[in-house]
Amino acid sequence: MPVARRKGSITRRCECRGPDGKLIGQTCPKLKRKNHGAYSIRQELPPAAGTTTRRAFRRVGYSRVDDAQDDLGRVQAILGLAGDDEADLVRVADYLVGISAQRADIPDATEVQRRLGVGVPLDGKTTVGEWLERWLGGKKTRATTTTGYRSHVEVHLKPRIGHHRLDRLTVGHLRDMFEGIADDADVIRAENEARREQLARAKWQRPGRPPAKERERLAAERAKLAEMPAFRKVTGHASRHAIRRTLRAALNAAIAEQLITFNPAAHVDLGTYSRPKGLLWTDERVAHWRETGTVPSPVMVWTPAQLGRFLDEAEGHRLYSLFHVVAHHGLRRGEGVGASWADTHLDAIPPRIEVLKEIVLHGRTPTETAPKTDSSMAAVMLDRETVEVLRERRRQQLAERDAWTARAAELRSAGKETYDWLDTGKIWTAPDGGWLHPDSVSTEFQALRERADLPPINLRDLRHGAAGLVKAGGGDIDDAKRKLRHSTIALTSDTYMTLFAEYEEGLVERAAAAVPRARKAPATGDEEVPAR
């Protein structure tokens, strides 16, 4: 029913009550007085959803007709916001019925219009959880970025603060939340360590089969292990900062919609945080790791000699060329498995790979997308050795295609179902030509690392090592920034300045030795001093 057809009225009646509290009505002795009584308003409203029962907004007790007219105008303006949309009409009517029953102040129509436009409850009782869901639904970010937001919302934010009203969220609420996350992280860290120790007790460490008595002991230790909590991810300092960034972005969006005026996430103190520093696996650090199992930093980088050992071990592997390119030219994992022959120019001057696509995980599903930042979409210049490695990879891939085609023909002749080799155009593929799963690349990398008996790094750290090679080759931080295609030099400096300083020690000696001198080198202190 169009809004114009809904009636509103202003009436005047006696509000006097008798000793029993009931309205006196027509028996009131003051009825004959000119200004006796109070004004009331009534506005017809749409029926509730699924019903035909009439309902109305009513309010009494106005001493002046102008005041009654003002409030009736506000009610009609709010009702008019819905237009002829039946769902919005019912929603607005429900809201007005609630105001009437609670005798709450009638808000300005513009305030209601903001809430109606973004789909939140009109009574202002939107919870943090409701707003986070609505904010996520409107995000236009990459699938992987939105998945990260969703993880923060579902795992941390909604369970801990989702019940609070959006307009009543405080810094104190957030302080309690982050303290709770930190406390849980301490518990998980302790449980992980206890499981790690129990795992060692449940494993036979010597060669050969254990004797009967030891088998009984190991069985008992494994039974204890089965009752312990599984390994869980620890929400560390960096993750807590990421959770706060997600919440801050969501609350800023609420401010933009004028649902709130203050963002408590911008004022909660989590302490300072800096990016993990890249460190070299020096002989001393390797020895300490072998003795204690302790890794000095989340970002560890192999020395050139260690990288050489890895590449020697990987040379016969079908993904050797991928590891070579990542190690020498700093491609990210997703950029590597997403690289195409069409974007690779081996005969150009200079030869290059143009990074235009990457394959990332959306949950467990590989998804092709553009690189996250504009700076990542750039050409990677290739050295002569890498060009030859890629030419060999092309020959290897063509051989894999021919082998697959021949095998498919054999299967068809035997009456078995199969499929043709998949021409995806990617440089690094599965044996059938399909996309490589990014996790499978990491798994193969770790298997090769263990076989080479090298200290632990992740595949991402192999990219970090490319920055070290820049320094080893005489480059500086700016050269490393361009090599890794970072958006700012601050990002490169925060991670790699310490690494560059460790390389500097060797460079100092080589730089000094590069200067020819006619006189003899100064004594080192080991020579015999002639007597006078």
Side-chain angles (χ1 to χ4, degrees), residues 78 81 91 95 98-99 104-105 107-186 233-276 372-374 487-488 490-491 494:
I78 292 171
L81 295 174
R91 190 171 165 218
Y95 173 54
I99 291 178
D105 292 339
D108 189 83
T110 56
E111 180 182 343
V112 179
Q113 186 177 35
R114 287 196 299 270
R115 294 176 183 152
L116 186 67
V118 295
V120 301
L122 301 182
D123 58 7
K125 295 181 181 178
T126 307
T127 65
V128 174
E130 290 168 343
W131 174 250
L132 289 172
E133 284 295 334
R134 186 154 197 89
W135 174 73
L136 279 173
K139 292 301 290 179
K140 299 291 191 292
T141 49
R142 298 194 325 164
T144 50
T145 303
T146 304
T147 298
Y149 291 148
R150 170 68 64 183
S151 176
H152 293 160
V153 168
E154 296 294 340
V155 177
H156 299 288
L157 298 175
K158 283 177 65 176
R160 294 180 183 274
I161 60 171
H163 60 286
H164 289 296
R165 271 183 55 164
L166 179 64
D167 58 349
R168 296 179 182 175
L169 188 66
T170 67
V171 174
H173 293 146
L174 302 190
R175 189 182 301 116
D176 291 343
M177 177 184 74
F178 284 112
E179 287 176 357
I181 293 173
D183 290 344
D184 286 352
D186 290 339
K233 184 178 179 181
V234 175
T235 306
H237 200 182
S239 296
R240 293 198 290 276
H241 275 267
I243 293 166
R244 184 179 67 169
R245 286 195 296 272
T246 296
L247 180 60
R248 186 168 56 200
L251 295 181
N252 278 339
I255 289 175
E257 297 288 353
Q258 298 184 336
L259 300 178
I260 56 176
T261 59
F262 173 72
N263 189 338
H267 299 277
V268 64
D269 184 13
L270 297 184
T272 57
Y273 167 74
S274 58
R275 290 181 175 274
K372 188 172 183 178
T373 63
D374 291 341
S487 56
T488 66
L491 175 61
D494 285 348

Start with the C-alpha gap between V128 and L157, add the side-chain angles, then the distance that decides, and say whether side-chain contact (heavy atoms from CB on, under 4.5 Å) holds. CA-CA 9 Å; V128 174; L157 298 175; 6.0 Å; no

Quick one: which residue pairs count as a side chain to side chain donor-acceptor pair (under 3.5 Å) with a foot in residues 259-269, not counting sequence neighbours? N252-N263

Would you say the side-chain atoms of W131 pair up with the backbone N or O of T126, donor to acceptor, closer than 3.5 Å? no

With the side chain counted from C-beta on, respond yes when V155 and T235 share a heavy-atom pair under 4.5 Å apart, and no when they do not. no

Salt-bridge criterion met for E133 and R150 (N-O under 4.0 Å): yes

Would you list the pairs meeting ring-ring contact (aromatic ring centres under 6.0 Å, His included) in which at least one residue belongs to residues 142-166, sequence neighbours left out? W135-Y149, H164-H173

Here the gap from L136 atom CG to T246 atom OG1, rounded to the nearest 0.5 Å, amounts to 8.5 Å

Student check: side-chain heavy atoms of L166 and L251 closer than 4.5 Å: yes

Nearest heavy-atom approach of L132 to V153 is CB-CG1, 4.1 Å

Value rounded to 0.5 Å, distance of CZ in R240 from CZ in R244: 11.0 Å

Report all side-chain donor-acceptor pairs from residues 177-184 shorter than 3.5 Å, counting only partners two or more places apart or in another chain.
residue, atom, partner, partner atom, Å
D184, OD2, R160, NH2, 2.5

Euclidean distance, L169 CG relative to L247 CG, rounded to 0.5 Å: 6.5 Å

Identify the heavy atoms of P264 and T170 that sit nearest to each other, and give their distance. CB-C, 3.7 Å

